[in-house]
Amino acid sequence: MTTPDSDGLLAEQLLRLTRRVHRIQKRHLEQRDLGITPAQSRLLRTLAHFGSPPRMADLAERLEVVPRAVTTLVDGLEASGKVRRVPDPSNRRVIRIEITDDGRKALSELRSARRGAADEILAPLTDVEREVLRTLLDTLVDGTPGTHEEHGRTC
């Protein structure tokens with residue numbers, strides 16, 4: 001059974017790990033000299049998950065930020081040629097955001113940077129420890145204990 005003190009220590013360790021992950025990912029991004037901030041990186045990754053170009057409001061909702069924040073991020077990515085604003089084919093008053101070829105190249109580099117950061121962070125762990133961590137993270141991300149079928153195993 002856990003005590004409040006051990007839960008507090010665990011919470012602190014999680015926060016420290018989160019900060020370390022962000023620091024290492026930022027360094028890997030800077031080494032690739034993409035000129036993309038972590039927030040712009042998140043927007044590009046989110047944009048790639050839509051089946052068709054979304055509206056800014058759709059991006060804001062998915063990112064859980066205010067629409068003005070998305071406008072600022074899109075402005076920066078558009079200025080660097082990574083995204084473009086396009087009119088909605090069914091309603092010209094609606095603007096959609098799509099990834100350009102340069103944006104797709106940047107997204108590929110971003111994925112590579114994230115994998116490199118993950119490799120660095122996970123390097124001290126054995127394969128068995130990584131599998132245990134993966135199961136625990138699945139439970140924490142989903143917010144519920146139980147079966148995690150996407151990885152073909154149970155907790």
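Count residues from 1 along the sequence.
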With a 3.5 Å cut-off and sequence neighbours excluded, list the donor-acceptor pairs that the side chains of residues 13-23 form with protein atoms.
unit_1, atom_1, unit_2, atom_2, d
T18, OG1, L14, O, 2.9

Determine the minimum heavy-atom distance between [X] and [Y], stating which atoms define it.
| X | Y | result |
| --- | --- | --- |
| S41 | I36 | N-CG2, 3.4 Å |
| L44 | G103 | CD1-O, 4.2 Å |
| A113 | H28 | O-CB, 3.7 Å |
| T100 | V83 | CG2-C, 3.7 Å |

Kindly write out the residues that satisfy side-chain hydrogen bond (donor to acceptor under 3.5 Å, both in side chains) with [X], not counting sequence neighbours, or none if the list is empty.
| X | answer |
| --- | --- |
| N91 | R93 |
| R27 | E120 |
| R104 | D101 |

List the residues meeting side-chain contact (heavy atoms from CB on, under 4.5 Å) with [X], not counting sequence neighbours, and say none if there are none.
| X | value |
| --- | --- |
| A118 | none |
| L125 | L122, E129, R130, L133 |
| E109 | R32, L34 |

Residues forming a salt bridge (charged side-chain N to carboxylate O under 4.0 Å, His left out) with [X], sequence neighbours excluded:
| X | value |
| --- | --- |
| D88 | R96 |
| E30 | none |
| E78 | R85 |
| R114 | none |

Value rounded to 0.5 Å, distance of [atom1] in [X] from [atom2] in [Y]:
| X | Y | atom1 | atom2 | result |
| --- | --- | --- | --- | --- |
| I121 | I24 | CD1 | CD1 | 4.0 Å |
| L136 | E131 | CG | CD | 10.5 Å |
| L73 | T37 | CG | OG1 | 6.0 Å |
| D75 | Q40 | CG | CD | 10.0 Å |

Quiz item: Would you say S112's side chain and S108's backbone share a donor-acceptor pair under 3.5 angstrom?
Solution: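 Judged by distance alone, no pair lies under 3.5 Å.
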
Quiz item: Does any non-hydrogen side-chain atom of I97 lie less than 4.5 Å from one of F50?
Solution: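 Side chain of F50 against side chain of I97, heavy atoms only: no contact under 4.5 Å found.
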
Could you list the donor-acceptor pairs under 3.5 angstrom formed between side-chain atoms of residues 61-69 and any protein atom two or more places apart in sequence or on another chain?
none

